[in-house]
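Residue numbers run from 1 in the order of the sequence given.
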Amino acid sequence: MKKKIFNDVLDDFVEIEFPPKRIVSLDPAATETLFLIGAGGLVVGTDAFSYRPPEAKNLLKLGSYTHVKYELLEKLKPEIIFTTQGAQKRLTSELIDKGYPVYSLRVATSIGEILNNILIVGNAVGYQLASRQLHSELLKIINKIPTPQLRPSVYIELDLGGPISPGFPTHISMGCG
């Protein structure tokens, strides 16, 4: 059965077979979420960076953040494709222009946004209850983490082939402590 689901990132409705039985995830966080909510068996292809859980490593790899192998994607006949904004903004537009059912997610830059994306993914694939349960379990775990008395100093080095600074695109923030 076809169903239109609203995507606030795209500010439009996405028409998909619902619930989808053939999912492609080009976003590692969405891939992991799909497996954690019990929908991993519906995932038929992923991006090169989806390696969690271990079962995701064995799935067909269609591309990366900026490109996809259309000949493989066409063979998979996905009923929904998860992407993210940021680096995949152009790829998302390209997939939509080619007629694919794309559901784009916001780049999560906070714990709250990560948890919200779990609910969004679950809703998009018909796993609302499982996504709410995962959301609740993770929130309980997070709430048990004690607030540190001293903020630790952390050194992070990223080698992306050139200079890069911390901030939004790297998921590393430099808060004041």
Original post:
Residues in side chain to side chain donor-acceptor pair (under 3.5 Å) with T31, at least two apart?
Top reply: S25, S50
Original post:
For atom CD1 of I111, is the number of surrounding heavy atoms from other residues, nucleotides or ligands below 6.0 Å larger than 12?
Top reply: no
**OP:** For residues L42 and P20, report the shortest heavy-atom separation together with the two atoms involved.
**Re:** CD1-O, 3.5 Å
Subject >> Closest approach of G86 to V107 (non-hydrogen atoms, all atoms of both residues) >> reply: N-CG2, 4.0 Å
Subject >> ILVMFWY network linking V9 to V121, side-chain heavy atoms under 4.5 angstrom >> reply: no
Original post:
Could you go step by step and tell me if L139 and L115 meet the side chain to side chain contact (heavy atoms under 4.5 Å, CB included) rule?
Top reply: CA-CA 8 Å; L139 198 53; L115 293 173; 3.7 Å; yes
**OP:** Given side chain to side chain contact (heavy atoms under 4.5 Å, CB included), test L95 with Y70 step by step and report yes or no.
**Re:** CA-CA 9 Å; L95 288 164; Y70 283 103; 3.7 Å; yes
**OP:** For side chain to side chain contact (heavy atoms under 4.5 Å, CB included), just list the numbers for L62 and L76, CA-CA rounded to whole Å, side-chain angles, deciding distance to a tenth of an Å, and then say yes or no.
**Re:** CA-CA 10 Å; L62 300 169; L76 292 178; 3.7 Å; yes
Original post:
Where is the tightest heavy-atom contact between D47 and P28, given as atom of each residue plus distance?
Top reply: OD2-CG, 3.5 Å
**OP:** State which residues pass side-chain contact (heavy atoms from CB on, under 4.5 Å) with L59; sequence neighbours excluded, sorted by chain then number.
**Re:** F35, V43, T46
Original post:
With clusters built from Ile, Leu, Val, Met, Phe, Trp and Tyr whose side-chain heavy atoms come within less than 4.5 Å, directly or transitively, what are the remaining members of the cluster of F13, listed by chain and number?
Top reply: F6
**OP:** Taking side chain to side chain donor-acceptor pair (under 3.5 Å) as the test, write out the residues that go with E74, two or more places apart.
**Re:** Y100
**OP:** Check the hydrophobic clustering (I, L, V, M, F, W, Y; side-chain heavy atoms under 4.5 Å; chains of links allowed) and say if L119 and L134 are grouped together.
**Re:** no
Original post:
Counting heavy atoms not belonging to K2, are there more than 12 under 6.0 Å from its NZ?
Top reply: yes
Subject >> Remaining members of the apolar cluster that contains F49, side-chain heavy atoms under 4.5 Å >> reply: Y65
**OP:** Identify the heavy atoms of S104 and N7 that sit nearest to each other, and give their distance.
**Re:** O-ND2, 2.8 Å
Subject >> Contacts of type side chain to side chain donor-acceptor pair (under 3.5 Å), residue N123, not counting sequence neighbours >> reply: Q128
Original post:
Do any pairs count as a salt bridge (charged side-chain N to carboxylate O under 4.0 Å, His left out) and have a residue in residues 34-43, sequence neighbours left out, and if so which ones?
Top reply: none
Original post:
Do L129 and I120 sit in the same hydrophobic cluster, where Ile, Leu, Val, Met, Phe, Trp and Tyr count as joined when their side-chain heavy atoms come under 4.5 Å apart?
Top reply: no
Original post:
Looking at residues at least two apart in the chain, or sitting in another chain, which of them share a side-chain contact (heavy atoms from CB on, under 4.5 Å) with K89?
Top reply: Q85
**OP:** Tell me, please, which residues at least two apart from Q133 pass side chain to side chain donor-acceptor pair (under 3.5 Å).
**Re:** none
**OP:** Hey, could you give me each pair passing salt bridge (charged side-chain N to carboxylate O under 4.0 Å, His left out) that has a residue in residues 19-45? Not counting sequence neighbours.
**Re:** E32-R52
Original post:
If you draw a 6.0 Å radius around OH in Y51, do more than 12 non-hydrogen atoms from other residues or ligands fall strictly inside?
Top reply: no
Subject >> For the student: nearest non-hydrogen atoms of I114 and A108, plus distance >> reply: CG1-CB, 3.6 Å
Subject >> Any pair counted as salt bridge (charged side-chain N to carboxylate O under 4.0 Å, His left out), so long as it reaches residues 95-114, sequence neighbours left out >> reply: D8-R106
**OP:** For T66 and A87, work out which heavy atoms get closest and say how close.
**Re:** CG2-O, 4.0 Å
**OP:** Only pairs at least two apart or in different chains count here, so list each salt bridge (charged side-chain N to carboxylate O under 4.0 Å, His left out) that has a residue in residues 123-132.
**Re:** none
